[in-house]
Amino acid sequence: MNIKKVLIANRGEVAARIIRTLKEMGVASVAVFSEPDRHSLHVRMADEAVGLEGTTSRETYLDVEKILAAARKTKAQAIHPGYGFLAENPEFAERLEEEGIVFIGPKPEAIRKMGHKTTARQLMTEAGVPVIPGTLEPVRTLEEVQRLAEKTGYPLLIKAKAGGGGKGMRIAEGMNDLASAFRSAASEALQAFGDGDVYLEKLVSKPRHIEIQVIADTFGNTFHLLERECSMQRRHQKVIEETPSVVLDDTMRERMGEMAVRAAKAVGYEGAGTIECLVDENRNFYFLEMNTRLQVEHPITEAILGVDLVRMQVAIARGERLSLDQPNIKGKGHAIECRIYAEDPDNGFLPSPGLIRSFRVPGGPFVRLDSGVFEGAKVPIYYDPIIAKLIVWDETRPLAIKRMVRALGELKIRGIRSNVSFLLDVIQSKAFQTGDYDTRFLDTHWPELKEESEKELPPEDVILATAATVRFRQEQIQRGLGQRRAAGAQASFWRYTPWKALR
Amino acid sequence: MNIKKVLIANRGEVAARIIRTLKEMGVASVAVFSEPDRHSLHVRMADEAVGLEGTTSRETYLDVEKILAAARKTKAQAIHPGYGFLAENPEFAERLEEEGIVFIGPKPEAIRKMGHKTTARQLMTEAGVPVIPGTLEPVRTLEEVQRLAEKTGYPLLIKAKAGGGGKGMRIAEGMNDLASAFRSAASEALQAFGDGDVYLEKLVSKPRHIEIQVIADTFGNTFHLLERECSMQRRHQKVIEETPSVVLDDTMRERMGEMAVRAAKAVGYEGAGTIECLVDENRNFYFLEMNTRLQVEHPITEAILGVDLVRMQVAIARGERLSLDQPNIKGKGHAIECRIYAEDPDNGFLPSPGLIRSFRVPGGPFVRLDSGVFEGAKVPIYYDPIIAKLIVWDETRPLAIKRMVRALGELKIRGIRSNVSFLLDVIQSKAFQTGDYDTRFLDTHWPELKEESEKELPPEDVILATAATVRFRQEQIQRGLGQRRAAGAQASFWRYTPWKALR
Amino acid sequence: MGYIVRLNALKQRLEVEKPGLGLARVLVRFEDGRTIELDAHRVEPNCFSVIVGTRVYEFDCDIQNGDIELHFGNEPLIVSVLDEREALLQQAKEGAAAQGGEVTVTAPMPGKVVAVLVAKGEKVEKGQGLAVIEAMKMENELKSPIEGVVLKIFAQEGQALEGKAPLITIGQATALP
Amino acid sequence: MGYIVRLNALKQRLEVEKPGLGLARVLVRFEDGRTIELDAHRVEPNCFSVIVGTRVYEFDCDIQNGDIELHFGNEPLIVSVLDEREALLQQAKEGAAAQGGEVTVTAPMPGKVVAVLVAKGEKVEKGQGLAVIEAMKMENELKSPIEGVVLKIFAQEGQALEGKAPLITIGQATALP
């Protein structure tokens with residue numbers, strides 16, 4: 001099918017990302033937007049846009065009927081769900097099928113099977129894909145949990161059947177905290193996903209989170225596009241991703257890749273998806289879950305392979321055949337992504353919505369910024385705090401790290417707080433430099449990292465003198481403005497910028 | 001020598017470009033700046049900066065003694081000249097040698113030999129490098145010109161011995177316009193370079209300008225880094241460059257590369273340099289000249305090879321050995337660069353200096369903007385009109401063209417005029433799409449291109465209605481401001497933005 | 001509010017109304033009664049995002065002496081927007097200028113006056129060079145748009161100029177004192 | 001002009017002078033007589049490029065109630081800059097607050113009040129939860145910085161808040177009416 005118009009059922013940086021590729025493909029783009037998002041970048045960039053009445057995610061980006069109405073109104077032939085929101089909702093994919101609208105993603109059945117964590121674990125076990133020891137069925141009562149916990153052994157993880165992103169997940173170190181871990185995981189899951197089912201999993205020691213990108217066309221051709229190392233996490237949220245992973249050699253890369261292809265085939269997967277794995281300190285790997293959609297960190301795969309994953313998604317949705325050759329899929333160089341969040345690392349990582357007063361994008365070779373904001377944008381309080389992603393590539397890992405440090409230094413976000421200084425601390429840490437980190441590294445070591453971090457600041461004299469000078473200059477200007485105002489002069493509305501007065 | 005601090009004897013985008021790589025290498029950077037450039041990006045980005053008293057290029061960036069004083073004051077161990085200004089001035093390179101400061105570039109002798117066009121032609125002829133038929137000695141009198149013109153044949157080119165960029169260059173179609181072409185070439189050359197010497201060259205039919213990047217270390221290892229197609233020119237100024245060139249096949253690429261290495265070796269070249277060639281319609285190639293410095297269009301080579309040419313320059317200056325293997329230097333995909341000039345394509349390409357009121361940088365995969373400006377920057381009237389370079393990469397040439405169209409569409413420069421709409425016309429022209437263009441294409445076809453160009457504009461109703469709405473809103477605000485002012489309220493100097501009032 | 005709006009040869013009288021559909025919505029009524037509804041948000045100090053139906057447009061704008069310069073993408077569109085009173089004034093002014101036959105040549109860009117090629121009282125042909133301006137290493141000759149006589153010379157050699165600064169006025173010999 | 005400048009524990013009295021070295025140059029004199037010369041250019045509306053000697057620094061700045069927030073790179077530096085009169089007022093105010101022992105807990109970010117966990121007049125421990133604020137899908141519990149009694153409650157459940165909005169005042173029981 002020749003798709004000529006695509007609605008993006010998403011917002012922020014990923015919606016902008018998708019619109020860019022659609023433009024390059026000559027495909028018209030339709031944005032949808034909640035009321036607070038009228039000024040957002042994805043709306044400004046799209047060819048068409050439809051407002052969704054309401055404010056919260058539930059009222060807007062999660063409302064299947066409103067999104068469908070927007071698609072019908074604009075005659076969009078396909079919907080790209082991005083990540084989050086409806087991206088992994090099988091009912092949504094099904095509704096689109098009924099309406100004759102192409103869902104840019106896998107078939108509903110594949111989403112359903114992989115979305116149901118315990119079903120997925122069963123299917124994978126059958127397909128010979130290694131999974132972490134634990135329960136294959138959801139557990140619902142404390143008695144059941146206690147009985148099964150004895151079998152699995154401690155420490156163990158209690159995880160929500162639905163969802164992800166660290167929500168509805170608790171660690172039980174032993175019998176004593178099992179009950180409270182179970183209760184809070186189940187109640188958080190119920191609140192977040194409307195489904196309180198949880199299951200148990202053995203806690204892997206020094207776990208690394210390494211995932212494999214897979215891509216499959218509608219003819220059954222399934223390939224993997226190498227790995228992404230995503231172990232640098234804060235409270236189960238990925239912070240920095242890189243590829244290749246320092247712990248994988250070619251043999252293991254091949255084995256994990258084959259496993260990922262097998263996993264995708266087991267559910268008849270179509271499109272782009274990601275097999276998330278845990279790798280323990282002995283380099284055993286276990287299937288964790290499959291994300292049946294575009295991943296936030298997909299650009300690092302694009303950087304080492306020279307591909308456009310969104311373009312591949314659209315091509316597959318159009319029924320095109322993938323012409324790849326697995327042995328020839330070799331990455332070049334090293335890529336790193338930093339997620340830029342609107343949060344305050346100096347204040348307990350509190351969210352920091354508000355007006356972006358100043359925004360400077362880094363430039364130069366092999367630096368990419370995928371942003372959902374701009375200078376003058378207002379980051380709303382209602383949605384995810386991710387506002388941009390910074391991706392760099394270089395010939396080697398040490399060079400890529402230096403490039404990322406330089407690019408983070410150039411990136412300027414003012415008016416709201418961002419995690420840029422935190423990212424600089426993490427990427428310059430010894431653990432990141434040597435590659436010796438696991439998924440728990442940040443949660444346990446961040447306080448000492450922060451202590452150790454030596455930011456190069458100007459001499460105190462310069463700071464004090466500058467602050468006094470800023471005030472001095474402000475007073476000079478205000479005096480000037482006051483005189484002019486008194487003299488009856490009226491600043492032109494259009495030409496006036498406070499700073500012009502100073503030049 | 002372990003270079004720890006480098007002074008950049010340049011301004012604008014290239015100075016910013018160099019500072020970025022120095023930062024990644026852990027090398028301190030020193031900017032120099034003329035009086036109008038105090039606010040410029042390169043000054044803001046550098047670790048240190050020294051003002052050069054004066055305004056014009058001659059008083060500042062071309063003043064060897066002032067630059068030397070700045071280097072001594074900051075104890076810079078090396079100077080990177082960028083392109084233009086002192087980059088190809090052998091006396092400058094010599095002075096640095098005397099002062100014990102490393103010149104990041106070739107030895108003065110190599111600059112001198114290649115800078116003297118007729119010497120270069122002689123040397124190349126001796127080295128077996130094909131040159132365009134013409135005079136090997138400068139010609140100084142009209143009689144001499146007339147005599148030699150008979151020998152070379154018409155049409156012919158009269159070119160300044162010194163300099164480049166189309167200055168001091170005239171075409172003589174026949175005997176009749178020979179005298180006036182000679183006189184204006186010589187007088188322009190005298191004014192621009194302080195040297196009125198010119199020489200004659202046969203005019204090549206349907207010439208394409210294709211250049212080869214070379215790189216050589218101080219141990220005599222010399223390599224070529226493939227070609228750049230630079231035939232899309234307006235009045236001898238490159239406008240769009242791409243690599244690979246559509247007219248080169250692997251055999252010819254190899255032959256031209258070998259020739260370029262031979263040419264560089266003939267002058268004992270060290271560092272990064274470019275052999276510019278003309279290729280005629282029968283695919284004969286001729287040595288045109290060597291640019292003994294970093295080229296404006298170097299990023300497209302970086303994009304297809306995954307290298308950092310400035311990093312290589314600094315490494316060579318430090319005395320490091322290049323570890324390249326010529327047969328393995330293979331480009332991947334296709335890269336295009338557009339030069340962004342502050343000029344008005346709708347008004348005879350008049351320069352357009354002034355305040356950049358709004359500046360939006362394109363994002364997304366494989367898009368690079370190397371800029372010398374920012375929102376709020378003032379483009380001075382004294383220097384070159386190049387303000388930025390936009391570079392894209394993609395898997396194939398047609399895809400790269402689409403990506404460039406998308407990226408140009410995202411790039412927003414307001415307050416001054418830029419050539420962005422012109423670039424969009426050129427890149428979407430049939431000639432560019434098919435690759436069938438030579439160096440004269442734009443000068444002869446631009447008027448019709450402009451006529452043909454079909455810009456997608458909104459319906460006239462929307463334009464008129466928007467204009468009226470803008471005025472309507474302005475009046476509403478001014479009324480509001482007036483009332484508030486009358487009521488004695490005083491807008492906070494720091495928080496006030498006109499547009500806040502509207503939200 | 002009513003405005004006389006002109007884009008190239010197109011001239012229309014428009015009414016802008018706020019039908020209370022929200023802060024950013026306006027209804028624009030054309031002479032012939034057609035209306036279109038705009039959802040026009042100022043998303044940056046000089047930039048409006050406009051949605052008409054479902055179509056998204058983005059215009060940068062700048063107001064210069066009653067003209068509104070809208071940029072759509074990288075295309076500048078000069079639209080004159082005047083209210084009734086201003087439109088009348090403009091008409092009167094244009095009439096007067098047409099009678100007087102005076103044209104003042106202005107600097108097309110900021111720059112420096114390199115040379116003034118004519119003297120006061122001198123007769124000039126249409127297309128004759130009047131002055132040379134330099135900016136960014138480029139020299140540009142300004143030509144007379146009409147045949148006439150040099151009435152006034154504002155430019156001085158060596159002088160630095162802002163864009164649109166008046167340089168030389170050409171008119172009819174009868175206008176000379 | 002003389003200012004009392006404070007950065008963390010550091011406190012200095014500074015004199016800023018314009019010695020006529022050009023628009024952007026100032027001379028800053030410290031208490032002990034040291035001086036430094038700044039070439040401070042406002043290069044963006046809220047951004048200063050400062051050259052001291054040959055060293056280049058860039059500071060973004062924002063003025064909030066007498067405090068100047070300078071950002072160097074991505075590090076925020078809060079500097080209080082007061083003139084003599086303001087410094088005296090500030091001293092007086094701090095003294096009064098210390099006596100009263102009152103603290104008003106403010107919203108650390110814009111968001112929504114999910115729950116108010118205390119009632120007026122209730123005794124609270126130091127570190128006890130007072131209210132829960134939500135923004136960007138994250139809930140945050142605000143804790144009492146001191147032991148005391150709830151004197152005032154500004155926050156209402158479901159209410160949308162601006163950053164720094166006052167929520168709850170904790171003080172000594174004696175202050176209750």
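Values below: all heavy atoms of this structure, side chains included; hydrogens, waters and symmetry mates excluded. This one's a predicted model, so the numbers in the text were calculated from it and none came from an experiment. Naming convention: chains lettered A, B, ... in sequence-line order (proteins, then strands); numbering from 1 in each chain.
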When the 4.5 angstrom heavy-atom criterion is applied to D:V50 and chain B, the contacting part is backbone
Check the surroundings of atom NZ in B:K5: do more than 12 heavy atoms from other residues, nucleotides or ligands lie under 6.0 Å from it?
yes
Heavy-atom count around B:R58 CZ within 6.0 Å, excluding the residue itself: above 12?
no
Sole residue of B:H39, B:R38, B:R44 in side-chain hydrogen bond (donor to acceptor under 3.5 Å, both in side chains) with D:S49
B:R38
Got more than 12 heavy atoms from elsewhere within 6.0 Å of CD, D:E162?
no
Just so I know, are the side chains of D:I51 and B:V43 near enough to count as touching, which here means a heavy-atom distance under 4.5 Å?
yes
Within a radius of less than 6.0 Å around CD of B:E53, do more than 12 heavy atoms belonging to other residues, nucleotides or ligands occur?
no
